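Notes follow the structure.
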There are 2 protein chains.
Amino acid sequence: MPSGRIITTASITLATNGGFEQECVSFFAEVVQLFGVPKSVGQIYGLLYASPEPLGFPDIVERLDISKGSASQGLQLLRSLGAINEAERSSSLSNLSSEIKREARGVAYEPELSLRQLVTGVLRERIAPMATTGTDRLKRLKELAENSPANNKFYLGRAKQLETWRKRFTTVMPLLTALLGPKKKR
Amino acid sequence: MPSGRIITTASITLATNGGFEQECVSFFAEVVQLFGVPKSVGQIYGLLYASPEPLGFPDIVERLDISKGSASQGLQLLRSLGAINEAERSSSLSNLSSEIKREARGVAYEPELSLRQLVTGVLRERIAPMATTGTDRLKRLKELAENSPANNKFYLGRAKQLETWRKRFTTVMPLLTALLGPKKKR
DNA sequence: TTCTAGGTTCATTTTTCCTTGAACTCAGTT
DNA sequence: AACTGAGTTCAAGGAAAAATGAACCTAGAA
């Protein structure tokens, strides 16, 4: 497979995928915005999702026409969410022509397809932190309730209820991910 | 109870609740922002949550020091989410002094306390719409996949997977609300 | 009828968040 | 050693969302 092998599928697929890619990009861009995630991040995931081949950093910048900065930050976020994975690449490049080597440089990504994995990532990075700092604030709230000169009983009741809300939340979250699919094979 | 009865608990409670209210307001302001809801909306809910008495429109404007516009829009959103309820008020006002009548005018609100109810509201107003428009977009995506000249099988596979994601999502959502508490008594 | 206070609407301003682009680092090539 | 392209960082600009305030509507009180 010397010269027939084309790694940079970018321009080729672009010409022949009949709009699927474009639609996919804007679809995911829209979806993620509902979760408070920047549009460009959704675009990147959508692009990877619509690509039969893993794509590298330069592909993403070029095909989405976004800045390197956006691409870099977007990929960072997607990595931290576990929403993309690095694709394998042949490690012995020495015997390839320099033109092909050029294309094979750097890391290529493919989208994570496990729904459970994706949801877990969002929960871990977005919701869990809230639960943590929330616990501190609840403690403080309870103290304030105890020290409140008037309506002591009322405030204590409220503080107590917030605590039970938090507990229910933290017990339900793992259940939710379990419902969304099997644990990821490692 | 002519002059002793104080309905506008605003200034009084403010002076005597020892910071509980303030902490509550900023707590909810923070929480709701994680769900993409404006800060002021969280503040309003927090204020109501920290108040032993139902509060009216003017109380909210005054104690949070926000504009009437913000208060109005915030209350609208909270109503649409089912996160607040109108409190009962004595309907025969004629025998009260005019000073008290002044305070009793308009609607007063208290916070919805059922966690299930709150989550259901968010799901209904924020997530469900996505599922609806999402269905259309998936249909379109499938068509594009079918018409794609190259990699037909790959694109069809992706379209199919999106469809199963959507299905799983719509089946899991009701379960989630069920886990969060008993159905609200009507 | 007129007055007042509760409440809504919407154009304008403010704030917040996202994107950009330039400067930089680092690894592999020549 | 010098070069090239991948990738990061961050100050600054720009776009989108939220808060404001003025004009307006309404119902009950005087």
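Quick caveat: nothing in here was measured; it's all calculated off a predicted structure. Residue numbering restarts at 1 for every chain, and letters A, B, ... go by the order of the sequence lines.
Within the structure, the salt bridge (Lys or Arg N to Asp or Glu O under 4.0 Å) test picks out the following pairs touching residues 149-170 of chain B (sequence neighbours left out): E163(B)-R166(B). Pairs of residues two or more places apart, or lying in two chains, never qualify as side chain to side chain donor-acceptor pair (under 3.5 Å) while including a residue from residues 119-130 of chain B. Counting only residues at least two apart or in different chains, salt bridge (Lys or Arg N to Asp or Glu O under 4.0 Å) contacts with residues 23-37 of chain B comprise R137(A)-E23(B), R137(A)-E30(B), R140(A)-E23(B). Pairs of residues two or more places apart, or lying in two chains, never qualify as salt bridge (Lys or Arg N to Asp or Glu O under 4.0 Å) while including a residue from residues 40-51 of chain B.
A heavy-atom distance below 4.0 Å to DNA chain C is reached by none of the residues of residues 28-37 of chain A.
For the pair D65(A) CG and dT20(C) P, the computed distance is 8 Å after rounding to whole Å. Atoms CD (E86(A)) and P (dA6(D)) sit 16 Å apart, rounded to a whole Å. With rounding to whole Å, K39(B) atom NZ is found 10 Å from dC17(C) atom P. With rounding to whole Å, E62(B) atom CD is found 13 Å from dA5(C) atom P. The separation between D59(B) atom CG and dA5(C) atom C1' is 13 Å, rounded to whole Å.
For the pair S67(B) and dG21(D), the criterion of a side-chain N or O lying under 4.0 Å from OP1 or OP2 is not met. The side chain of S40(B) contributes an N or O atom lying less than 4.0 Å from OP1 or OP2 of dA19(D).
Helix-axis bend for the helix from dT19(C)-dA12(D) to dT30(C)-dA1(D): the local axis fitted to the five terminal pairs at one end deviates from that at the other end by 10°, rounded to 10°.
Remark: N147(B) pairs with no residue by the side chain to side chain contact (heavy atoms under 4.5 Å, CB included) rule, at least two apart or across chains. Considering only residues two or more places apart in sequence or on other chains, A29(A) meets the side chain to side chain contact (heavy atoms under 4.5 Å, CB included) condition with K39(A), Q43(A). Taking K68(B) as the reference, F57(B), V61(B) meet the side chain to side chain contact (heavy atoms under 4.5 Å, CB included) condition, with sequence neighbours excluded. For the side chain to side chain contact (heavy atoms under 4.5 Å, CB included) test, residues two or more places apart in sequence or in another chain that qualify with I127(A) are L123(A), M130(A), F169(A), M173(A).
For L176(B) against V172(A), the heavy-atom pair with the smallest separation is CD1-CG1, 3.7 Å. Annotation for E110(B) and P54(B): closest pair OE1-CG, 3.8 Å, computed over non-hydrogen atoms.
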Check: protein-nucleotides 8-10 of chain D nitrogen or oxygen pairs below 3.5 Å:
{"residue": "dT8(D)", "atom": "OP1", "partner": "R79(A)", "partner atom": "NH2", "Å": "3.1"}
{"residue": "dT8(D)", "atom": "OP2", "partner": "S72(A)", "partner atom": "OG", "Å": "2.6"}
{"residue": "dT8(D)", "atom": "O5'", "partner": "S72(A)", "partner atom": "OG", "Å": "3.4"}
{"residue": "dT9(D)", "atom": "OP2", "partner": "Q76(A)", "partner atom": "NE2", "Å": "2.9"}
{"residue": "dC10(D)", "atom": "N4", "partner": "Q73(A)", "partner atom": "OE1", "Å": "3.1"}

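Nearest to the side chain of I66(B), among dA6(D), dT19(C), dT20(D), sits dT20(D).
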Which atom pairs, donor and acceptor, lie under 3.5 Å between side-chain atoms of residues 76-83 of chain B and protein residues at least two apart or in another chain?
{"residue": "R79(B)", "atom": "NH1", "partner": "Y109(B)", "partner atom": "OH", "Å": "2.6"}
{"residue": "S80(B)", "atom": "OG", "partner": "L77(B)", "partner atom": "O", "Å": "2.8"}

